[in-house]
Amino acid sequence: MTLDFPVIFLLPTNLGADELHELEEQIPTLTYDINEAEVILGNVHRKQRVLFELRKHKLVTEEISTTETDEPTSPSLKRRRFQTPGSVITEDSDTASDGDFHPLLTQSTQSTLKAAPTTVKVVKLAWFTESLKAGTVLPIEDYTLYRGRKQQSKPAKLQQASPAKAANIIKRALADPKPSSHGSRPGSSHSTTSHGRRDHFITKAPALLHMTTSEHEVELPPIPAYLHTTYACQRPAPTHPPNEPFIEELTKIRTARTLLGDKIGVRAYSSAIAALISYPYLLQSAFEVARLPGCGLKIAQLYQEFREQGELQEAKEDESDPRLAVLKLFHEIWGVAETTAREFYNKGWRDLDDIIEYGWDTLTRVQQIGVKYYDEFQQKIPRAEVESIANIILEHANKIHPGFQMVIVGGYRRGKLASGDVDVVLSHPDKAATRGFVEQIVVALEQSNYITHTLILSTANTERGQEPVAWKGNEKKSGTGFDTLDKALVVWQDPHWTTGEKKNPNPHRRVDIIISPWKTAGCAVLGWTSGTTFQRDLRRYCKKERSLKFDSSGIRSRADGTWVDFESGPNGEPAPDMLTAERRVFEGLGLEWRPPEERCTG
DNA sequence: CGGCCGTACTG
DNA sequence: CAGTACG
DNA sequence: GCCG
């Protein structure tokens with residue numbers, strides 16, 4: 001008995017290999033060309049997923065509302081398609097360039113369009129399996145997740161774009177932005193090898209671009225090779241990128257997301273910001289934005305708005321939101337993050353005095369310190385003072401045990417003219433010298449009256465990550481466990497003053513003292529120098545591309561937990577100094593070394 | 001749709 | 001355990 | 001919000 005099914009394309013998503021194969025056997029009208037399908041069958045249950053699948057398979061459709069009849073194109077369609085968020089456009093669609101059919105953009109699917117049906121339904125898998133069970137083709141409507149009309153006719157000419165219209169154009173054209181919109185000039189320096197999907201070539205921007213940007217021809221500059229990666233640790237990120245004003249606006253939005261506890265939003269904006277920081281040209285168009293890693297439709301639209309208005313409405317609203325202003329104030333207290341900031345706000349508190357008056361006893365120890373020195377911690381620390389503080393720490397270290405080396409890390413090392421705090425990494429070639437050293441140095445600096453408070457003392461003990469399996473093979477060099485990376489986060493105040501006042505006028509400073517065993521000092525320096533996004537992407541890169549686990553106290557294999565030593569020399573001899581060790585870590589990870597000034601990912 | 005850095009201290 | 005910190 |  002063969003049931004009378006329509007032509008079916010089967011989505012492999014969410015199907016095991018066996019399951020997939022079995023279904024393929026069972027479908028009498030199976031096609032392997034999605035363009036031929038009348039019905040797309042999939043183990044999916046939500047429309048959002050459907051849209052994703054269609055995009056993935058580069059099938060361009062426009063959703064048909066449930067009230068609309070299937071077949072002939074209704075006259076109202078043209079308007080609607082400018083507004084339908086579900087509209088899916090790909091590089092293979094002539095509509096993506098609005099009739100300016102671009103031969104270079106089309107490859108495979110277009111040739112099949114002529115014989116293809118004009119509409120397609122995406123249907124839950126159950127429709128098919130239950131039809132089989134019932135021995136009859138069940139009504140498809142109950143299982144339909146999505147009905148779409150395939151895009152093949154060109155719409156009417158588009159005139160000079162109004163801003164609102166331009167936004168929609170961008171939206172449509174960027175619905176599947178990456179393959180079609182990142183151009184590069186033939187003969188530009190970067191090659192097309194090894195960067196996968198971002199290396200399609202087009203000689204100039206799609207026609208739409210011109211309508212949305214300017215009257216004259218604008219060729220997009222080539223994307224630098226290093227922007228073909230989503231890892232910020234593979235790109236230079238200068239302190240003052242050409243698009244800083246736009247980046248500042250995005251940073252305002254990110255700040256608001258931070259205060260609202262939207263960690264994922266923060267990550268998203270951080271990725272976009274990091275890519276924009278690495279972009280060496282002044283932006284000209286939204287398409288230029290959308291082809292950057294971490295930048296999609298939303299960021300491109302925001303750029304468009306920025307270009308037209310010089311500011312972002314969302315950023316403006318965030319800045320003038322009184323609640324966010326209070327949350328920001330509270331969030332800037334050391335020891336208070338978004339949850340506690342919100343708690344304070346919900347108690348009706350609006351400033352530091354409220355906290356002191358109504359909540360002092362509910363604060364943790366470190367929060368009390370954070371409130372007490374709120375103003376002083378807000379002050380930036382000039383480079384000269386950073387150096388002076390660091391040198392005092394090094395002197396004390398060498399008084400306890402000569403031979404310590406130090407690198408001032410953090411924002412200072414990245415070149416900032418003034419820092420929020422002081423970060424130093426101390427290490428010593430003698431393994432015995434660093435063990436338990438953090439307590440000694442803190443005590444010494446307390447006794448000399450430099451350290452007034454200790455916020456966190458981390459003596460994360462030497463036993464860590466001793467995977468049972470890690471025992472296979474006597475890995476010659478590093479052998480087993482590295483020692484711990486200890487740290488002290490302290491409050492610092494220079495106890496010397498000359499002005500004859502009775503009270504010490506010197507500001508309290510936040511100082512982070514990190515003690516690393518020599519063997520992993522390169523990781524420590526690398527981990528404590530780079531900006532946050534560089535750091536997160538470095539870890540993500542290690543995980544996804546190298547199956548390694550990076551943190552500032554060492555690198556481990558994810559397979560068996562063994563420690564990986566990139567820092568020692570070819571014969572296992574220790575690195576000559578910490579900066580050499582850092583370079584070796586870059587090298588060992590397969591990353592190009594970057595000077596600290598180029599790790600300013602925000 | 002699932003993922004988004006990894007670790008340690010505090011209470 | 002949740003919250004916070006560090007880059 | 002973006003990526004795979």
Side-chain angles (χ1 to χ4, degrees), chain A residues 13-14 43-53 55-56 174 177-178 196-198 229-233 250 253-254 257 261-273 275 290 292-302 331 333-343 362-367 370 409-411 413-414 420-421 423 425 454-461 464-465 484-489 510 512-514 523-544 548-556 596 599-602:
Chain A
T13 307
N14 296 328
N43 190 12
V44 292
H45 302 92
R46 301 174 10 156
K47 194 166 96 181
Q48 199 189 351
R49 178 71 203 194
V50 169
L51 295 174
F52 172 81
E53 292 292 341
R55 201 155 56 236
K56 192 168 83 183
L174 295 182
K178 301 299 182 187
R197 66 188 179 85
R198 289 181 180 279
T229 172
T230 63
Y231 300 112
C233 56
L250 293 181
I253 297 179
R254 180 179 64 179
R257 301 302 172 93
D262 175 13
K263 295 199 169 60
I264 298 310
V266 171
R267 175 71 235 226
Y269 277 91
S270 296
S271 301
I273 287 168
L292 299 177
C295 299
L297 175 59
K298 180 62 184 285
I299 305 296
Q301 286 176 330
L302 288 174
H331 191 264
I333 300 169
W334 205 92
V336 173
E338 62 273 358
T339 304
T340 310
R342 203 177 312 122
E343 260 171 40
T362 72
L363 299 187
T364 67
R365 182 184 65 92
V366 296
Q367 286 168 347
V409 288
R413 185 159 179 244
R414 296 198 300 272
D421 65 1
D423 307 286
V425 174
T454 300
L455 297 167
I456 288 178
L457 190 63
S458 181
T459 52
N461 275 320
R464 49 165 54 220
T484 123
L485 185 149
D486 295 339
K487 69 185 178 205
L489 312 188
R510 278 273 305 103
D512 296 347
I513 301 170
I514 296 99
C523 289
V525 168
L526 172 50
W528 281 81
T529 296
S530 326
T532 301
T533 304
F534 187 102
Q535 196 57 217
R536 293 170 78 152
D537 282 353
L538 174 65
R539 289 162 195 237
R540 199 166 54 87
Y541 166 85
C542 287
K543 185 201 284 209
K544 307 286 185 192
L548 295 172
K549 191 186 289 231
F550 178 95
D551 89 289
S552 52
S553 58
I555 298 169
R556 270 177 294 169
R599 305 181 207 169
C600 304
T601 52

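Chain naming here is simple, since letters A, B, ... match the order of the sequence lines and numbering starts at 1 in each.
You'll find that the side chain of D551(A) is closest to dT7(B), out of dT7(B), dC9(B), dT4(C). Of the listed nucleotides (dG7(C), dC4(B), dC9(B)), dG7(C) has the atom at the smallest distance from the side chain of R414(A). In the set dC2(D), dT7(B), dG7(C), dG7(C) carries the atom at the smallest distance from any side-chain atom of D423(A). Set against dG1(D), dC4(B), dC9(B), the side chain of K298(A) has dG1(D) as its closest nucleotide. Of all nucleotides listed (dG3(C), dC9(B), dC4(B)), dC4(B) comes nearest to the side chain of R540(A). Comparing dG3(C), dA8(B), dG7(C) by their nearest atom to the side chain of S458(A) picks out dA8(B). Which of dA5(C), dG6(B), dG1(D) sits closest to the side chain of I264(A) comes down to dG1(D).
dG4(D) and dC5(B) have their P atoms separated by 14 Å, with the value rounded to a whole Å.
Taking atom CZ of R365(A) as the reference point, atom P of dG11(B) lies 7 Å away to the nearest angstrom. Between I456(A) atom CD1 and dG7(C) atom C1' the separation is 14 Å, expressed in whole Å. Regarding R267(A), its CZ atom lies at a distance of 12 Å from the P atom of dG4(D), rounded to whole Å. Note: NZ (K544(A)) to C1' (dG6(B)) measures 13 Å, nearest angstrom. Straight-line distance from the CD atom of Q367(A) to the C1' atom of dA2(C): 13 Å, rounded to whole Å. Look at NZ on K263(A): it is 11 Å from P on dA5(C), rounded to the nearest Å. Atoms CD (E338(A)) and C1' (dA2(C)) sit 12 Å apart, rounded to a whole Å. Between D486(A) atom CG and dA5(C) atom C1' the separation is 16 Å, expressed in whole Å.
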(request) Given side chain to side chain donor-acceptor pair (under 3.5 Å), test R414(A) with T529(A) step by step and report yes or no. (result) CA-CA 7 Å; R414(A) 296 198 300 272; T529(A) 296; over 6 Å; no
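Atoms OG1 and CG, from T230(A) and L292(A) in turn, are 12.5 Å apart once rounded to the nearest 0.5 Å. One finds the OG atom of S552(A) at 8.0 Å from the CD1 atom of I514(A) (value rounded to the nearest 0.5 Å). Taking CH2 of W334(A) as the start and CG of L489(A) as the end, the distance is 5.5 Å to the nearest 0.5 Å.
Residue D262(A) is out of contact with every strand shown, counting any heavy-atom pair closer than 4.0 Å. The residue I333(A) sits close only to the backbone: its heavy atoms come under 4.0 Å of sugar-phosphate atoms, none of a base. Among the atoms of the strands shown, only primed sugar atoms or phosphate atoms (P, OP1, OP2) are found under 4.0 Å from some heavy atom of V336(A). Among the atoms of the strands shown, none is found under 4.0 Å from any heavy atom of L526(A). K543(A) comes within 4.0 angstrom of the backbone, heavy atoms only, and of no base. Contacts of R510(A) with the nucleic acid, taken as non-hydrogen atoms under 4.0 Å apart, involve only primed sugar atoms and P, OP1 or OP2. When heavy atoms are screened at a 4.0 angstrom cut-off, K487(A) is found touching no nucleic acid atom at all. Counting non-hydrogen atoms under 4.0 angstrom, R257(A) reaches the backbone sugars and phosphates but no base.
The phosphate of dC6(C) has neither OP1 nor OP2 within less than 4.0 Å of any side-chain N or O from S552(A).
Judged purely by atom type and a 3.5 angstrom limit, T229(A) uses its side chain to pair as donor or acceptor with the backbone of Y231(A). A distance-only check finds no donor-acceptor pair linking the side chain of E343(A) to the backbone of T340(A) [under 3.5 Å]. Panel note: side chain T454(A), backbone L457(A); no donor-acceptor pair is recorded below 3.5 Å.
Among K487(A), Q535(A), R413(A), the single residue meeting the side-chain contact (heavy atoms from CB on, under 4.5 Å) criterion with W528(A) is K487(A).
Residues meeting the salt bridge (Lys or Arg N to Asp or Glu O under 4.0 Å) test with D537(A), sequence neighbours left out: R267(A), R540(A).
Against DNA chain B, the stretch residues 527-539 of chain A makes heavy-atom approaches under 4.0 Å through R536(A), R539(A).
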